[in-house]
Asks: 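Dropping the structure in here first, questions after.
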Amino acid sequence: MRSRLFRHDYRIAINIIRGAFSAWHDRLLAAIMLIMALAAIRSWITDCPWTIGAWAAFGMGIMAGGFAGRLIAARSAFHGFDGVLAADALHPATRRRYAAAWHSIGVAFLTMVALIARPSLLIVSVAAYGAGMLLAGLIDGVRGSQIDTGRKRAGWMLRSWLRRPVAGIGGAGILLVLLPPASMLGRGAAMVVACIATVSVALLLTLVDDATVRFMTLAGHGSRSLLAYYGKAMASFVAIAVPGSWLVLGSVAAGAVAAASGAMLILLTLRILAYRLHGKQFADFLVSVLVGLLMLTASFLPIALPVVAALIVWHLHGRGRAKTWLVA
């Protein structure tokens, strides 16, 4: 009775994983990606100084603990309001045991990665996981549960405007206004400003609503239709920002802006394809894993990056086609 919440979600997680990797080639691709990621992490961590490795382990532990804490809190809230085991979820001791069980799995996985990569970083990574878990709890406590209806509508209108081409034009204008003052600090500083501004603007222009993606998928919209719907603002940004930065700072700056924009478009594509297949929490986790894999590939084997990215997109797109028009 006391472990029904955990057994319920554990079975759901197992079924999701089985459904996502039902075919043998899906399992083989997942195994190859996992081995490559672990090998790349071990290679980088082993070669770098212990201090840098410790900071990297601390950062990854913080992110893992924070993500796990937010995910567990959201799932507990769902069980308390809409779940079939609401009576269990409303019991404080049961909720604590439920959270402890999932966090123990997270710590076990983090411990395995640390032991493979560099055993001396185990204490740092586990301590950082705990700090991230506590930080997630504090953030959820501060946010509270009340949402103002007017602000909610204003947020929806802002997100709708950010998907329009005019938003991309405005973002490109902001970038081009920042570049001349930055160039007076030196070419290197201007390049940094160009990349940071591009990523910052692109994060706003590529906001994705998972519920909208799921609805459009069930209504018959394919991946290309969804990419066109969410990518209009980013396309107008690239069309103006790249040639504009070329005129202001030259071809190197234009290449940096184009590369940063391309990376954000890949992230947008991965999020859309993942939301077509899974719920928000699992999809975000999957995207973070895939982005990490792409970053490791870019660091250690840049020539293979286009191939790995194409394989990932092809795999997600192929699985997403089966969801189109699927009314469950």
Asks: Would you say the side chain of Leu273 lies within less than 4.5 Å of the side chain of Leu277, judging by non-hydrogen atoms?
Replies: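 No - every pair of side-chain heavy atoms lies 4.5 Å or more apart.
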Asks: When rounded to the nearest 0.5 angstrom, what distance separates CZ in Phe237 from CD1 in Ile174?
Replies: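 Those atoms lie 9.5 Å apart.
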Asks: Roughly how far, to the nearest 0.5 Å, is the OG atom of Ser225 from the OH atom of Tyr230?
Replies: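 With rounding to 0.5 Å, OH (Tyr230) is 11.0 Å from OG (Ser225).
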Asks: I need the minimum non-hydrogen distance between Pro243 and Ala239, along with the two atoms involved.
Replies: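 That closest heavy-atom pairing would be CG-O, 3.1 Å.
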Asks: For Gly168 versus Ser236, what's the shortest heavy-atom pair and its separation?
Replies: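 Smallest interatomic distance, heavy atoms only, reads CA-OG, 3.3 Å.
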Asks: Drop me the distance from Leu316's CG to Leu270's CG, to the nearest 0.5 angstrom.
Replies: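 The CG atom of Leu316 sits 6.5 Å away from the CG atom of Leu270.
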Asks: If you compare all heavy atoms of Ala172 against all heavy atoms of Ala241, which two are closest, and at what distance to 0.1 Å?
Replies: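 Nearest pair, atom of Ala172 first, then Ala241: CB-N, 3.9 Å.
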Asks: Report the C-alpha separation of Ile240 and Leu175 in whole Å, then their side-chain angles, then the decisive distance to 0.1 Å, and conclude whether the side-chain contact (heavy atoms from CB on, under 4.5 Å) test is met.
Replies: CA-CA 10 Å; Ile240 296 177; Leu175 171 66; over 6 Å; no
Asks: Report the distance from atom NZ of Lys232 to atom CZ of Arg164, rounding to the nearest 0.5 Å.
Replies: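 Interatomic distance, Lys232 NZ to Arg164 CZ, rounded to 0.5 Å: 8.5 Å.
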Asks: Any idea which heavy atoms bring Gly231 and Leu268 closest together, and the distance?
Replies: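 Residues Gly231 and Leu268, closest heavy atoms: CA-CD2, 4.1 Å.
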Asks: Taking all heavy atoms of Ala202 and all of Met264, pick out the closest pair and write down the distance.
Replies: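 Scanning both residues completely, I find the closest heavy atoms to be CB-CG, 3.5 Å.
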Asks: What about Leu267 and Leu294, same hydrophobic cluster or not, with Ile/Leu/Val/Met/Phe/Trp/Tyr joined at side-chain heavy-atom distances under 4.5 Å?
Replies: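 Same cluster.
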Asks: Applying a strict under-4.5 Å side-chain criterion to I, L, V, M, F, W and Y, I'd like to know whether Leu110 and Leu115 cluster together.
Replies: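 The answer is yes; both residues are in one hydrophobic cluster.
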Asks: Which residues satisfy the ring pair (Phe, Tyr, Trp, His ring centres under 6.0 Å) test with Tyr10, sequence neighbours excluded?
Replies: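 By the ring pair (Phe, Tyr, Trp, His ring centres under 6.0 Å) rule, Tyr10 matches Phe6.
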Asks: Please check if the side chain of Arg214 supplies one atom and the backbone of Arg276 the other of a donor-acceptor pair under 3.5 Å.
Replies: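 Yes, the answer is positive, given that a donor and an acceptor are paired below the 3.5 Å cut-off.
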Asks: Answer yes if Leu178 and Trp246 sit in the same cluster of Ile, Leu, Val, Met, Phe, Trp and Tyr residues linked by side chain heavy atoms under 4.5 Å apart, and no otherwise.
Replies: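 Not linked; separate clusters.
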Asks: Please determine whether the number of non-hydrogen atoms from other residues, nucleotides or ligands lying under 6.0 Å from atom CD1 of Ile123 exceeds 12.
Replies: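 It does not: Ile123 CD1 has 12 such atoms or fewer within range.
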Asks: Kindly work out whether a path of hydrophobic side-chain contacts (I/L/V/M/F/W/Y, heavy atoms less than 4.5 Å apart) joins Tyr98 to Val107.
Replies: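 Different clusters: Tyr98 never reaches Val107 through Ile, Leu, Val, Met, Phe, Trp or Tyr contacts under 4.5 Å.
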Asks: Are the side chains of Ser125 and Met60 in touch, meaning some heavy atoms are under 4.5 Å apart?
Replies: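 Side-chain contact under 4.5 Å: no.
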Asks: Which atoms form the tightest heavy-atom contact between Tyr129 and Ala68, and what is the distance?
Replies: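 Shortest heavy-atom separation between Tyr129 and Ala68 comes out as OH-CB, 3.4 Å.
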Asks: Between Thr269 and Ile272, does the side-chain contact (heavy atoms from CB on, under 4.5 Å) criterion hold? Intermediate values first, please.
Replies: CA-CA 5 Å; Thr269 303; Ile272 290 174; 6.0 Å; no
Asks: State plainly whether one hydrophobic cluster holds both Leu226 and Tyr275, where clusters connect Ile, Leu, Val, Met, Phe, Trp and Tyr through side-chain heavy atoms under 4.5 angstrom apart.
Replies: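 Yes.
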Asks: Report the C-alpha distance between Arg75 and Trp102 in whole Å, list the side-chain angles of each, state the deciding distance to 0.1 Å, and finish with yes or no for side-chain contact (heavy atoms from CB on, under 4.5 Å).
Replies: CA-CA 11 Å; Arg75 191 62 184 170; Trp102 280 114; over 6 Å; no
Asks: Set out, in order, the CA-CA distance, both residues' side-chain angles and the distance that settles side-chain contact (heavy atoms from CB on, under 4.5 Å) for Trp50 and Ser120, then state yes or no.
Replies: CA-CA 9 Å; Trp50 188 89; Ser120 61; 3.1 Å; yes
Asks: Please report the interatomic distance OG1(Thr198) to CG(Leu203), rounded to the nearest 0.5 Å.
Replies: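 Going from the OG1 atom of Thr198 to the CG atom of Leu203 covers 11.0 Å.
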Asks: Are there over 12 heavy-atom neighbours, none belonging to Ile14, within less than 6.0 Å of that residue's CD1?
Replies: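 Yes, CD1 of Ile14 has more than 12 neighbouring heavy atoms, counting only those of other groups under 6.0 Å.
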Asks: Quick one: CG on Asp209 to CZ on Arg271, what's the gap to the nearest 0.5 Å?
Replies: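 CZ of Arg271 is found 9.5 Å from CG of Asp209.
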